[in-house]
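No hydrogens, no waters, no symmetry mates; every other heavy atom, side chains included, goes into these values. Throughout, protein chains are lettered first and strands after them, A, B, ... in sequence-line order, and every chain is numbered starting at 1.
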Amino acid sequence: MRILPDTEPSEFALPDDETVHKYAYSAQYVTCYGGEGYINAWDPYLEWSDEFSLGQSLLARGSGSGKQTIEAGHQEYRDLYGDWVPHLFTFYTTNGYTSSGDNMGGYNQDVDGWVQYSSSIFPGTRSSPLSQFGGTQYVMPLKWQLWQANWWLRVNGIWIGYYPASLFSTSGLRDQAEKMAWYGEIVDSGGHAGTTATDMGNGHWPYEGWQHCAYMSHLYYQSSTGGSLSRYNPSSVYGTNPACYDIEDHFSNTGSWGPYFWWGGSGRNSGCP
Amino acid sequence: VKDEGRDEPPDEIILSQVDPRYECVPIGTQKGGKNIAEPPPGGGEEPAGLPLCPDGYVPRLRRVEYRLSGKQVITGEPPKRRAK
């Protein structure tokens with residue numbers, strides 16, 4: 001089932017002239033204080049060093065230049081990390097992506113804002129092990145929780161650090177979020193002929209399923225300050241370029257995976273020239 | 001009077017002796033002050049293995065300067081193409 005977007009995804013990064021961001025997107029608009037889920041971990045092919053491919057969680061509140069987000073997930077980006085392998089990443093903005101810098105926004109610990117707690121797992125570290133096509137599957141379990149005025153992030157069961165809520169405004173993420181989103185995203189940098197062949201997920205398609213396509217599962221949001229969780233049930237689910245990258249949702253699933261979706265695609269192909 | 005020095009954690013950032021891609025930051029010295037908060041219940045133990053940093057420090061990627069537009073890095077250099 002495809003659910004059309006109910007609002008423009010205004011948290012998206014502002015594109016440059018020729019760049020195009022492409023999404024396999026889901027979002028639920030609800031007051032929340034965190035959330036959790038698994039991101040199936042793969043090593044996507046990136047065609048160009050100035051393109052990225054990611055799967056991520058996002059909590060947001062506000063609009064326009066007042067939009068504030070905290071984000072975390074699995075990202076491959078040669079121009080940021082200097083290699084062609086995926087990394088755990090965090091990102092935040094206090095100003096709708098309009099400017100970055102210390103205590104304003106940016107990646108990982110490249111700007112001040114994030115406070116590191118774990119001695120072993122940290123934003124920017126390489127993501128490993130990775131799933132094999134037709135073989136063993138690995139996930140990156142993520143959990144956000146607003147706890148004692150800090151937005152804590154747990155990865156693989158370890159609380160790794162936090163964004164102090166004091167970074168954010170009272171109309172933003174100071175004491176709650178109004179949206180949780182889980183999605184895949186790639187950047188097509190556009191400075192080349194045709195559509196990029198950069199993979200989303202593992203470069204395969206939702207209809208291929210288990211061991212062959214990337215998924216996000218066990219998706220819940222935190223519905224009270226006390227920590228109780230509710231099923232993720234997004235009102236907005238779509239692929240911006242479904243012939244290039246797509247999403248197939250199973251948010252009503254009552255099996256062991258809970259709410260989940262398949263996501264990904266290969267980019268350039270006969271239907272996505 | 002004998003000066004006993006400061007009873008504070010060190011301020012300096014040091015290079016990881018385990019992997020030069022990383023540096024070690026005194027714990028709690030970024031935004032939030034030097035008193036690092038306690039996490040929520042429900043976390044596990046740190047995995048065993050050789051720590052990247054000495055006690056009192058936490059790791060991060062070595063910082064380098066770059067410009068961002070939204071979530072995109074602007075290098076000013078032509079992109080490199082990767083063979084499939």
Side-chain angles (χ1 to χ4, degrees), chain A residues 12-16 19 21 45-52 77-82 84 91 97 100 102-103 105-110 112-125 143 145 147-150 152 154 156-159 161-162 164 166-167 187 189 191-192 197 227, chain B residues 9 13 16 18-84:
Chain A
F12 293 166
L14 302 172
D16 285 329
T19 60
H21 292 247
Y45 166 72
L46 291 190
E47 185 171 17
W48 297 95
S49 59
D50 58 351
E51 298 180 336
F52 67 66
Y77 195 178
R78 172 68 171 74
D79 274 356
L80 179 59
Y81 301 104
W84 300 97
F91 185 91
Y97 304 95
S100 59
D102 290 344
N103 306 317
Y107 278 108
N108 301 324
Q109 299 175 85
D110 296 345
D112 286 353
W114 174 264
V115 179
Q116 178 66 22
Y117 180 79
S118 168
S119 60
S120 59
I121 303 175
F122 54 95
T125 193
K143 180 181 178 71
Q145 183 170 356
W147 172 258
Q148 296 178 346
N150 296 306
W152 279 88
R154 196 176 76 185
N156 290 347
I158 307 289
W159 292 109
Y162 56 89
S166 58
L167 287 168
V187 164
S189 57
H192 46 78
Chain B
I13 295 166
S16 170
V18 177
D19 189 326
R21 290 173 300 173
Y22 308 117
E23 55 193 16
C24 302
V25 183
I27 192 166
T29 52
Q30 293 190 50
K31 177 81 175 179
K34 294 186 178 181
N35 297 317
I36 194 157
E38 284 299 310
E45 297 292 318
E46 296 278 346
L50 185 62
L52 287 169
C53 295
D55 286 348
Y57 290 81
V58 287
R60 74 180 184 196
L61 286 179
R62 290 178 68 181
R63 278 190 176 179
V64 293
E65 294 289 323
Y66 61 84
R67 192 162 65 87
L68 275 183
S69 173
K71 286 166 73 173
Q72 291 176 243
V73 176
I74 307 302
T75 65
E77 298 175 358
K80 299 176 181 66
R81 191 173 192 178
R82 183 187 185 193
K84 192 159 190 176

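- To the nearest 0.5 angstrom, A:Phe122 atom CZ is 5.5 Å from B:Leu61 atom CG.
- Put simply, of A:Ser100, A:Gly161, A:Gly227, A:Gly105, the one with the most heavy-atom pairs under 4.5 Å next to chain B is A:Ser100.
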Stepwise side-chain contact (heavy atoms from CB on, under 4.5 Å) test for B:Gln72 and A:His21: CA-CA 10 Å; B:Gln72 291 176 243; A:His21 292 247; 2.9 Å; yes
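- If you measure heavy-atom distances from B:Pro59 to chain A, the contacts under 4.5 Å come from both the backbone and the side chain.
- For the options B:Gly42, B:Cys24, B:Gly49, B:Pro78, heavy-atom pairs under 4.5 Å to chain A are most numerous at B:Gly42.
- Contact tally against chain B (heavy-atom pairs below 4.5 Å) for A:Ala149, A:Gly106, A:Gly124, A:Ser189: the top residue is A:Gly124.
- Among A:Tyr107, A:Tyr77, A:Tyr81, A:Trp147, the residue making the largest number of heavy-atom pairs under 4.5 Å with chain B is A:Trp147.
- Here the straight-line distance linking atom CD of A:Gln116 with atom CD1 of B:Ile27 works out to 8.0 Å at 0.5 Å rounding.
- Atom CZ in B:Arg81 sits 16.0 Å away from atom CZ in A:Arg78 (nearest 0.5 Å).
- For chain A, the option among B:Pro39, B:Pro79, B:Ala37 with the highest count of heavy-atom pairs below 4.5 Å is B:Pro39.
- Every residue meeting the side-chain contact (heavy atoms from CB on, under 4.5 Å) condition with B:Glu38, not counting sequence neighbours, appears here in chain and number order: A:Tyr117.
- With a 4.5 Å cut-off on non-hydrogen atoms, B:Arg21 touches chain A through its side chain but not through its backbone.
- Checked by atom type and distance alone, the side chain of A:Trp159 pairs as donor or acceptor with a backbone atom of B:Pro40 at under 3.5 Å.
- With a 4.5 Å cut-off on non-hydrogen atoms, A:Tyr45 touches chain B through its backbone and its side chain both.
- Note: A:Ser118 leads A:Gly157, A:Ser118, A:Gly82 in heavy-atom pairs under 4.5 Å with chain B.
- A 4.5 Å side-chain heavy-atom check between B:Val73 and A:Phe52 finds every atom pair outside the cut-off.
- Contact detail for B:Lys80 and A:Trp84: the closest heavy-atom pair is O-CH2, 3.9 Å.
- The pair A:Glu47-B:Lys84 fails the salt-bridge criterion, with no side-chain N (NZ, NE, NH1 or NH2) lying under 4.0 Å from an Asp/Glu carboxylate O.
- Contacts between A:Trp152 and chain B at a heavy-atom distance below 4.5 Å involve the side chain alone, from C-beta outward.
- When side chains are defined from C-beta on, B:Ile36 counts as touching A:Tyr162, because their heavy atoms get closer than 4.5 Å.
- Both the backbone and the side chain of A:Asp110 come within less than 4.5 Å of a heavy atom in chain B.
- Geometrically, B:Lys71 engages A:Phe91 in a cation-pi contact defined by less than 6.0 Å to the ring centre and at most 45° from the axis.
- We find that A:Asp112 and B:Arg63 are joined by a salt bridge, their nearest charged nitrogen and carboxylate oxygen being less than 4.0 Å apart.
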Residues B:Tyr66, A:Asp79; criterion side-chain hydrogen bond (donor to acceptor under 3.5 Å, both in side chains); working and verdict: CA-CA 10 Å; B:Tyr66 61 84; A:Asp79 274 356; over 6 Å; no
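- Separation of atoms CG (B:Leu52) and OG1 (A:Thr125) is listed at 7.0 Å; rounding is to 0.5 Å.
- Taking all atoms of both residues into account, the shortest heavy-atom contact from A:Ile158 to B:Pro47 is CD1-CD, 4.3 Å.
- Within 6.0 Å of CZ in B:Arg82 there are more than 12 heavy atoms belonging to other residues, nucleotides or ligands.
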